[in-house]
Novice: 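Structure in structure tokens, see below.
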There are 4 protein chains.
Amino acid sequence: MPRTKIQNEQIRVQKRMQIINSALELFAQKGYHTTTIADIAKHAGIAKGLMYSYFTSKEELLHSILIEGYELITEKFDPNHDGILEPQEMLLFINDLFDKLNNDRDYWRLYFSVTLQPGVIDDYFRKEMIKKYKPLFDMIIKYFEAKGVDDPYLEMVFAHSLIDGVFINFLYDKDYPLDKIKQLVIKRLV
Amino acid sequence: MPRTKIQNEQIRVQKRMQIINSALELFAQKGYHTTTIADIAKHAGIAKGLMYSYFTSKEELLHSILIEGYELITEKFDPNHDGILEPQEMLLFINDLFDKLNNDRDYWRLYFSVTLQPGVIDDYFRKEMIKKYKPLFDMIIKYFEAKGVDDPYLEMVFAHSLIDGVFINFLYDKDYPLDKIKQLVIKRLV
Amino acid sequence: MPRTKIQNEQIRVQKRMQIINSALELFAQKGYHTTTIADIAKHAGIAKGLMYSYFTSKEELLHSILIEGYELITEKFDPNHDGILEPQEMLLFINDLFDKLNNDRDYWRLYFSVTLQPGVIDDYFRKEMIKKYKPLFDMIIKYFEAKGVDDPYLEMVFAHSLIDGVFINFLYDKDYPLDKIKQLVIKRLV
Amino acid sequence: MPRTKIQNEQIRVQKRMQIINSALELFAQKGYHTTTIADIAKHAGIAKGLMYSYFTSKEELLHSILIEGYELITEKFDPNHDGILEPQEMLLFINDLFDKLNNDRDYWRLYFSVTLQPGVIDDYFRKEMIKKYKPLFDMIIKYFEAKGVDDPYLEMVFAHSLIDGVFINFLYDKDYPLDKIKQLVIKRLV
DNA sequence: CATGAATGAGGATTCATTCAT
DNA sequence: CATGAATGAATCCTCATTCAT
């Protein structure tokens with residue numbers, strides 16, 4: 001008797017996650033180029049070939065991790081869904097962001113390592129990622145508008161840069177004083 | 001007539017620079033892993049084998065670029081050499097930094113791409129780099145002390161993070177409003 | 001209610017044909033090596049594993065196609081079954097042959113592609129095929145004997161070669177003037 | 001002291017030939033798909049990687065063999081270079097052709113195996129080969145014109161088909177009566 | 001010192017075949 | 001009987017590095 005469609009679906013969903021998680025961990029720890037498909041398969045407890053039944057290539061695996069990771073991470077932002085951030089929400093937003101940074105360290109390591117490194121993701125994909133982040137940035141611009149900042153766009157760029165900088169320094173320094181820095185960030189931005 | 005020792009020395013120094021410059025450019029543009037020794041040799045106009053008479057490996061080549069680049073870039077900092085930055089000097093320092101960022105884009109691209117990417121430089125080397133940057137950071141801490149900031153170390157970390165964030169965003173976005181952002185940075189730090 | 005034995009048998013025979021037809025089409029169009037079991041299963045609308053309940057391997061599938069195809073094609077030859085071809089019958093035979101060529105293009109493509117290609121069918125099988133064709137050739141030799149040709153065997157080899165040459169050229173050239181060439185063949189052979 | 005350019009050139013020309021010859025032999029004997037790069041390298045006495053310094057891929061290696069083989073084989077045709085074949089020359093031409101068939105058995109085996117097999121050479125290349133053979137066919141058409149044949153084009157197609165058929169049958173049957181068949185071919189065509 | 005031919009370990013990917021369900 | 005997930009050997013190709021000249 002063959003497995004039912006539902007059983008197969010479950011297997012696939014679950015194994016897909018195994019692969020993604022293993023790959024994320026290894027990519028983040030060892031780097032994309034330095035991690036081999038064999039590494040990932042071993043870590044995920046599957047045969048090398050099976051990866052190719054879930055992803056067409058190592059590259060697509062990376063892309064899937066990046067995109068789906070982004071979706072997982074952002075799905076809880078802007079609870080009102082009105083696209084407008086109240087100062088209260090901005091605070092929550094930043095707290096949330098810093099929480100996620102802490103919890104999804106591997107994702108963010110991979111994210112920065114890969115976006116700042118030429119020759120890993122192509123331009124098309126880079127633009128796709130930027131497009132995905134666009135609404136977030138727009139929301140923040142509106143927030144600064146509402147706050148009455150001189151040049152809201154510039155302020156957003158500043159905020160974005162600041163947060164990126166905090167992130168990358170935190171990711172590679174286990175003694176980074178994240179909480180205290182967060183207070184400085186909040187003071188500067190909210 | 002054989003070349004004199006001095007001539008030979010000059011040739012070596014010059015050819016070494018050719019290799020370093022070619023490698024820097026290619027590493028920055030195509031990424032470290034994606035750039036081959038053949039690429040570099042071709043770009044530098046030398047034979048592949050010759051590279052190995054200047055550097056023992058691709059890895060050592062990268063390390064040399066990183067270290068010597070750092071030295072080139074910082075040799076003009078802190079003109080008084082007293083280790084203390086006056087506010088005036090801090091301004092100059094930041095201006096200088098942003099100038100260098102603009103002029104040595106390739107270096108910084110490589111620097112960030114490589115530091116944030118695991119599996120390229122080993123931990124020993126990472127620590128060496130940090131050690132090299134240490135005096136700079138100390139100077140900045142002292143500056144904030146002199147300025148009477150609450151927590152000078154924290155402020156330095158904040159400054160460092162902010163500047164890193166500005167840098168990486170500038171490096172990958174040709175429309176980045178660097179000058180305007182610089183003003184915001186100065187306002188916040190000086 | 002379980003299926004009766006006869007129903008099962010019918011299903012098996014029919015599904016077997018589905019597989020053979022799909023494989024024939026794909027082998028002929030894409031080549032034996034380039035066609036995967038997955039391709040065939042998909043085209044036949046069955047699961048990959050099922051193929052192995054009808055054929056022990058990809059190779060055996062190919063052999064079955066070749067042999068059964070031959071039988072299908074030749075079962076109508078020599079209607080008198082006396083092994084002697086009258087000139088009238090020779091004409092019919094050639095006409096028949098050319099008709100079959102037109103109708104079973106896929107089979108012939110596969111046949112030639114596979115016979116002329118080393119490393120696909122083993123020598124044992126090659127000889128089996130030749131053995132199968134033997135009676136046909138003998139019949140033709142007898143025909144030339146009866147016709148009073150000098151060297152009937154040689155004439156058969158000539159005929160065989162000529163027809164093979166016509167076939168392969170026709171199979172790969174959609175503008176091949178098959179009918180006109182057939183007349184030349186008849187003029188030369190009958 | 002590095003090798004001189006000329007030395008290198010010699011090495012490359014010679015080694016290229018080694019590779020081509022090994023590949024031709026193996027492709028012809030074992031088939032294109034069944035022959036691995038490792039096989040070829042071993043047979044040619046070189047490391048696997050070296051092949052890729054001479055040919056960009058297995059496919060390009062095959063193409064080179066096919067094209068250069070054709071050139072080697074045809075370079076002596078039509079000695080007058082006037083594009084017109086006298087009956088005397090037609091005789092020589094056919095004799096020549098049959099000689100070549102005998103001497104370059106591997107080439108012809110490969111040629112037929114590969115042209116009649118889908119999925120090995122792409123359509124672009126197939127057309128290139130046909131284009132290369134075009135002048136030959138034109139010459140033969142002119143010959144039949146001069147001879148006063150009814151439909152010279154058709155006669156050329158017939159000749160071409162006949163010769164192809166003779167070739168493939170000879171190539172796979174060591175008892176093929178090539179010389180006697182040649183006489184029949186000459187009788188029919190000249 | 002300089003060259004580039006040569007090496008071969010290593011890595012991504014494919015696919016016939018097996019087997020648990 | 002039927003499914004398709006899983007396996008892993010096999011294959012093409014790359015590239016840092018070596019070395020004869």
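Numbers restart at 1 for each chain; the letters A, B, ... are given by sequence-line order, proteins then strands.
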Novice: May I ask you to check if D/Lys58 and D/Phe27 form a cation-pi contact, with NZ or CZ under 6.0 angstrom from the six-membered ring centre and within 45° of the axis?
Specialist: no
Novice: Is there a residue in residues 19-28 of chain B whose heavy atoms reach under 4.0 Å of DNA chain F, and which residues are they?
Specialist: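 Output list: empty, so none.
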Novice: How many whole angstroms separate atom CE of D/Met51 from atom C1' of F/dC12?
Specialist: 9 Å
Novice: Looking at B/Ala41 and B/Ala47, what are the two nearest heavy atoms and their distance?
Specialist: CB-C, 4.0 Å
Novice: Within less than 4.0 Å of OP1 or OP2 of F/dA2, is there a side-chain N or O belonging to C/Lys15?
Specialist: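 Yes.
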Novice: Could you grab the distance from atom OG1 of B/Thr35 to atom NE2 of B/His43, nearest 0.5 Å is fine?
Specialist: 10.0 Å
Novice: What's the separation between atom OG1 in A/Thr34 and atom CG in A/Asp39, rounded to the nearest 0.5 Å?
Specialist: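 The distance works out to 9.5 Å.
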Novice: Might you point out which heavy atoms bring A/Met129 and A/Tyr107 nearest each other, and give the distance in Å?
Specialist: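 For A/Met129 versus A/Tyr107, the nearest heavy atoms are CE-OH, 4.1 Å.
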Novice: Is the closest basic N to carboxylate O distance between C/Arg16 and C/Glu68 below 4.0 Å?
Specialist: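 Result for this pair is yes, salt bridge flagged.
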Novice: List, with names and distances, any nitrogen or oxygen atoms from the protein found under 3.5 Å away from nitrogen or oxygen atoms belonging to nucleotides 8-12 of chain E.
Specialist:
{"from": "E/dG10", "atom 1": "O6", "to": "D/Lys48", "atom 2": "NZ", "distance (Å)": "3.3"}
{"from": "E/dA12", "atom 1": "OP1", "to": "A/Lys58", "atom 2": "NZ", "distance (Å)": "2.9"}
{"from": "E/dA12", "atom 1": "OP2", "to": "A/Ile37", "atom 2": "N", "distance (Å)": "3.0"}

Novice: Would you indicate what D/Tyr54 reaches in the nucleic acid, counting non-hydrogen atoms under 4.0 angstrom: base, sugar-phosphate, or nothing?
Specialist: sugar-phosphate
Novice: Quick one: closest heavy-atom pair of B/Pro118 and A/Tyr172, and the distance?
Specialist: CD-OH, 4.4 Å
Novice: Compare every heavy atom of C/Met51 with every heavy atom of C/Ile19, then report the nearest pair and how far apart it is.
Specialist: CG2-CG, 3.9 Å
Novice: Working to the nearest 0.5 Å, report the span between CD1 of D/Ile20 and CD1 of D/Ile40.
Specialist: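 Those atoms lie 11.0 Å apart.
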Novice: To the nearest Å, give me how far apart CZ (A/Arg3) and C1' (E/dT18) are.
Specialist: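 About 12 Å, once rounded to whole Å.
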Novice: NZ of D/Lys5 versus P of E/dG4: gap in Å, rounded?
Specialist: 7 Å
Novice: Could you state the CZ-C1' distance from D/Arg12 to E/dT3, rounded to the nearest angstrom?
Specialist: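 That distance rounds to 13 Å.
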Novice: Could you tell me how far apart A/Ile6 (CD1) and F/dG4 (P) are, to the nearest whole angstrom?
Specialist: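 In whole Å, F/dG4 P and A/Ile6 CD1 are 14 Å from each other.
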Novice: Hey, what's the ring geometry for B/Trp108 with B/Tyr111, parallel, tilted or perpendicular (30° and 60° as the breaks)?
Specialist: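 Perpendicular: the ring planes of B/Trp108 and B/Tyr111 meet at over 60°.
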Novice: Rounding to an integer number of Å, can you tell me how far A/Ile46 CD1 sits from E/dC19 P?
Specialist: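 Rounded to whole Å, this separation is 19 Å.
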Novice: Do the rings of C/His33 and D/His33 sit parallel, tilted or perpendicular, given the 30° and 60° boundaries?
Specialist: tilted
Novice: For A/Ile11 and F/dG4, what is the distance between atoms CD1 and C1' respectively, to the nearest whole Å?
Specialist: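 My rounded result for the distance is 9 Å.
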Novice: What nucleic acid atoms does C/Lys42 come within less than 4.0 Å of, heavy atoms only: base, sugar-phosphate, or nothing?
Specialist: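 The answer is nothing, as C/Lys42 stays clear of every strand by at least 4.0 Å.
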Novice: What integer distance in Å separates D/Leu61:CG from F/dT11:C1'?
Specialist: 15 Å
Novice: Fill in the dot-bracket string of DNA chain F, one character per base: . for unpaired, | for a pair to another strand, ( ) or [ ] for pairs within the strand, taking Watson-Crick or G-U pairs under 3.5 Å.
Specialist: .||||||||||||||||||||
